[in-house]
Amino acid sequence: LVKGGYTFQPGQRLGLSLIAFDDRDVSTTTPNTAATTAPADRTTQQFTGSLTYDHRDPSLPWLDLKAVAYHNRVYIR
């Protein structure tokens with residue numbers, strides 16, 4: 001997990017959040033049971049990210065803008 005942000009002008013902020021997960025393991029083909037007779041080599045990889053932009057102008061208290069762009073990728077083999 002990595003998060004960061006940068007305020008480039010008063011009232012304007014850019015943020016970034018990234019999460020990565022990688023699991024390579026041998027598990028059972030029926031993980032919800034106690035059976036261990038059929039092991040499977042599995043790979044799970046996940047990458048999730050978001051980019052945010054916030055705009056708040058003190059002279060316009062009724063204006064509070066936020067934009068978010070997401071990306072999510074999951075690979076299971």
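Other residues sharing a hydrophobic cluster with L63 under the 4.5 Å side-chain heavy-atom criterion for ILVMFWY residues are L60, W62, L65.
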In residues 69-77, what donor-acceptor pairs under 3.5 Å come from side-chain atoms, sequence neighbours left out?
unit_1, atom_1, unit_2, atom_2, d
N72, OD1, T48, OG1, 2.7
Y75, OH, R77, NE, 3.2

Please list every donor-acceptor pair under 3.5 Å in which a side-chain atom of residues 11-23 meets a protein atom from a residue at least two apart or in another chain.
unit_1, atom_1, unit_2, atom_2, d
Q12, OE1, Y53, OH, 2.8
Q12, NE2, Q9, OE1, 3.1
R13, NH1, T7, OG1, 3.0
D22, OD1, R24, NE, 3.1
D22, OD2, R24, NE, 3.3
D22, OD2, R24, NH2, 3.3

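Every pair tested for salt bridge (charged side-chain N to carboxylate O under 4.0 Å, His left out) that includes a residue from residues 45-55 fails, sequence neighbours excluded, so the list is empty.
Atom OH of Y6 sits in a sparse spot, with 12 or fewer heavy atoms from other residues, nucleotides or ligands closer than 6.0 Å.
Salt bridge D25/R42: absent, no basic N to carboxylate O contact under 4.0 Å.
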